[in-house]
Amino acid sequence: MQLLAAPARLSTVSATFEQDFAARLHWSAEQDAAIEQRVADILADVRERGDAAVLEYTARFDGLQAPGMAALELTQAELKAAHDGLPAAQREALAAAADRVRRYHEAQKKACGESWSYRDEDGTLLGQKVTPLDRVGIYVPGGKAAYPSSVLMNAIPAQVAGVPEIVMMVPTPGGEKNPLVLAAAYLAGVTRGFTVGGAQAVAALAWGTATVPRVDKITGPGNAYVASAKKRVFGQVGIDMIAGPSEILVLADGSTPADWVAMDLFSQAEHDELAQSILLCPDAAYIDAVLAAMQRLLPALPRAGIIARSLAGRGAMIHTRSMEEACALSNRIAPEHLEISSRDPHRWEPLLRHAGAIFLGAWTTESLGDYCAGPNHVLPTSGTARFSSPLGVYDFQKRTSLIEVSEQGAQRLGRIASVLAHGEGLQAHARAAELRLKRD
């Protein structure tokens, strides 16, 4: 039996490699013009009519008729009841995941999220004041599937950062609420929640309505409408990122069981047809083994069709000259998830500069990072790991510079500022500094 569609097989020694490689990586983040216009109309309508527009779009897109916004709000009692009503195994797994995510982000806060200051030799104080945002909105997808892990990954770092109000938006098509999502919201410290999704949810968070409070930042993944809406409201509020399709890149030296690598590649391909799974390996026989494992394992998976289309459209098995060359290619790709599936992953990790998250060693499947390892699973995609970072505590904080100039410091700094201000033609700046200089 053959795969419904196999990933492209490339080799770095091929004369057409660069062309084939570029074609496989190409993905446009540009939205369909019809989607962009529809989103613009929804944002404008919600900004103008508030709750009434939100109720209309929720009824139209989610089939959820509500007499008023109160019927769409999730109470703390409802969140707690969902948590308490979970089967014991689910409740314990959710609590364990939440605990690991919280401990990781608490360590992150200690490392990079604290205020600091120092004094110059003349007594001038300089520093940075780190404070949490007042209110954030988290978007949790709820259309084709439910994602309690997204609740944990978005809400817990906000809670650890000290954000006092966390507002969750989650679509519930047909009014069907997922208990795991509600339970995750309870554990993660969500303060308010609404069963609203799509561009209308983003608009309500960005501008506020009579019922939905306006937030300072919106985080969390969503469909094309949500991504377009987040892009359009940026500047009115902060956003985390514009997420593209999910990605995994596996650097393999041939020492990991082929079945393991095949399933790791499937784990991202099953998200949707635009997801990307790439294997880089200097061992051609091992690539053959992984392809054979894919052929054998795929038919048993419920999402085999989606996986096959993803692999055919964007997947690649790339034979490299060496692991060093594989690392160089990985840096060009800057993947969301990067697995180093080798005997000695720490040998190669120093060569890798660009990735949303690096998973070291054969035992470290990316799936563990999605759910419970601890680091955040909201990661930069589409090559943006070259300049972007995972979601973290720092995304829910802002930094304010502190400057307290002493009398002695004003004498030294005033002369420097005066010279530079005159050079820029800003005499009032210069004069403000000069007024503080002592006359001999």
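No hydrogens, no waters, no symmetry mates; every other heavy atom, side chains included, goes into these values.
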Could you tell me if the side chain of [Y] sits less than 4.5 Å from the side chain of [X], heavy atoms only?
X: Val160; Y: Arg102; answer: yes
X: Pro221; Y: Tyr139; answer: no
X: Ile218; Y: Val202; answer: yes
X: Tyr371; Y: Leu152; answer: no
X: Trp207; Y: Gln236; answer: yes
X: Leu352; Y: Ile358; answer: yes
X: Arg135; Y: Val163; answer: no
X: Val130; Y: Thr400; answer: no

Check: So with a 6.0 Å cut-off around CD of Glu48, is the heavy-atom count from everything else above 12?
Finding: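 Open.
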With rounding to the nearest 0.5 angstrom, report the [atom1] to [atom2] distance, [X] to [Y].
X: Tyr394; Y: Gln397; atom1: OH; atom2: CD; value: 10.5 Å
X: Asp120; Y: Glu404; atom1: CG; atom2: CD; value: 11.5 Å
X: Ser401; Y: Ile403; atom1: OG; atom2: CD1; value: 6.0 Å
X: Cys327; Y: Arg353; atom1: SG; atom2: CZ; value: 10.5 Å

Next item on the list: For Asp370, enumerate each residue passing the side chain to side chain donor-acceptor pair (under 3.5 Å) test, keeping only those at least two apart in sequence or located in another chain.
Entry: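 So Asp370 forms no side chain to side chain donor-acceptor pair (under 3.5 Å) with any residue.
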Checklist line | Residues that Thr256 engages under side chain to side chain donor-acceptor pair (under 3.5 Å), provided they are two or more places apart | finding: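 Listed in chain order: Ser341.
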With sequence neighbours left out, what residues match [X] under salt bridge (charged side-chain N to carboxylate O under 4.0 Å, His left out)?
X: Arg49; value: Asp45, Glu56
X: Arg436; value: none
X: Lys217; value: Asp395
X: Glu18; value: Arg332

Item checked: Test item: side-chain donor near acceptor, Ser228 and Glu36, under 3.5 Å -> yes
Item checked: Donor on one side chain, acceptor on other, Ser117 and Gln128, under 3.5 Å -> no
Note to self: Under the ring pair (Phe, Tyr, Trp, His ring centres under 6.0 Å) definition, can you give me all pairs with a residue in residues 228-253, not counting sequence neighbours?
What the structure shows: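 Not a single pair qualifies under ring pair (Phe, Tyr, Trp, His ring centres under 6.0 Å).
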Check: Please, which pairs that meet ring pair (Phe, Tyr, Trp, His ring centres under 6.0 Å) have at least one residue in residues 103-133, sequence neighbours excluded?
Finding: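 Sorted result for residues 103-133: empty, none.
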Donor-acceptor check, side chain of [X] to backbone of [Y], threshold 3.5 angstrom: yes or no?
X: Glu270; Y: Leu265; value: no
X: Asp216; Y: Val136; value: no
X: Thr364; Y: Leu360; value: yes
X: Ser267; Y: Asp264; value: yes
X: Ser388; Y: Ala385; value: no
X: Ser382; Y: Thr384; value: no
X: Asp62; Y: Leu64; value: no
X: Asn376; Y: Gly392; value: no
X: Asp283; Y: Gly254; value: no
X: Asp272; Y: Pro245; value: no

Check: Is Glu434 paired with Arg439 through a side-chain N to carboxylate O contact shorter than 4.0 Å?
Finding: no
Check: Taking only residues two or more places apart in sequence, or in another chain, which ones meet Leu426 in a side chain to side chain contact (heavy atoms under 4.5 Å, CB included)?
Finding: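 For Leu426 the side chain to side chain contact (heavy atoms under 4.5 Å, CB included) partners, ignoring immediate neighbours, are Glu424, His429.
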What closest approach, in Å, do [X] and [Y] show between heavy atoms, and which atom pair accounts for it?
X: Lys398; Y: Pro132; answer: CE-O, 4.5 Å
X: Pro67; Y: Ala71; answer: CD-CB, 3.9 Å
X: Gly220; Y: Lys230; answer: O-NZ, 2.8 Å

Next item on the list: List the steps, then state whether salt bridge (charged side-chain N to carboxylate O under 4.0 Å, His left out) holds for Glu121 with Arg412.
Entry: CA-CA 12 Å; Glu121 62 278 2; Arg412 180 166 60 94; 3.8 Å; yes
Next item on the list: Run the numbers on Lys438 and Glu407 for salt bridge (charged side-chain N to carboxylate O under 4.0 Å, His left out), then give the verdict.
Entry: CA-CA 9 Å; Lys438 291 182 177 179; Glu407 182 179 347; 2.6 Å; yes
Checklist line | Residues Arg24, Asp20; criterion salt bridge (charged side-chain N to carboxylate O under 4.0 Å, His left out); working and verdict | finding: CA-CA 6 Å; Arg24 190 78 348 190; Asp20 297 338; over 6 Å; no
Next item on the list: Applying side-chain contact (heavy atoms from CB on, under 4.5 Å), run through Phe266 and Ser277 and close with a yes or a no.
Entry: CA-CA 7 Å; Phe266 287 167; Ser277 300; over 6 Å; no
Item checked: Step-by-step side-chain contact (heavy atoms from CB on, under 4.5 Å) determination, Ser149 to His377 -> CA-CA 9 Å; Ser149 58; His377 80 191; 3.4 Å; yes
Next item on the list: Sorted by first residue and then second, give each side chain to side chain donor-acceptor pair (under 3.5 Å) pair with at least one member in residues 245-254; sequence neighbours left out.
Entry: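 Output for this query lists Ser246-Gln268, Ser246-Glu336, Asp253-Ser255.
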Next item on the list: Keeping to residues at least two apart or across chains, list the side chain to side chain donor-acceptor pair (under 3.5 Å) pairs with something in residues 187-204.
Entry: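 Output for this query lists Glu73-Arg192.
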Item checked: Verdict with reasoning, Leu274 to Ser310, per side-chain contact (heavy atoms from CB on, under 4.5 Å) -> CA-CA 6 Å; Leu274 291 176; Ser310 168; over 6 Å; no
Next item on the list: Take Val54 and Val212, measure what side-chain contact (heavy atoms from CB on, under 4.5 Å) needs, and give me the verdict at the end.
Entry: CA-CA 10 Å; Val54 172; Val212 179; 5.8 Å; no
Note to self: Thr12 vs Glu325, test: side chain to side chain donor-acceptor pair (under 3.5 Å). Steps then yes/no.
What the structure shows: CA-CA 9 Å; Thr12 57; Glu325 184 182 46; 2.9 Å; yes
Side-chain polar contacts of residues 170-188 - donor-acceptor pairs under 3.5 angstrom, sequence neighbours left out - could you list them?
from   : atom 1 : to     : atom 2 : distance (Å)
Lys177 : NZ     : Glu78  : OE2    : 2.7
Asn178 : OD1    : Leu180 : N      : 2.9
Asn178 : OD1    : Val181 : N      : 3.1

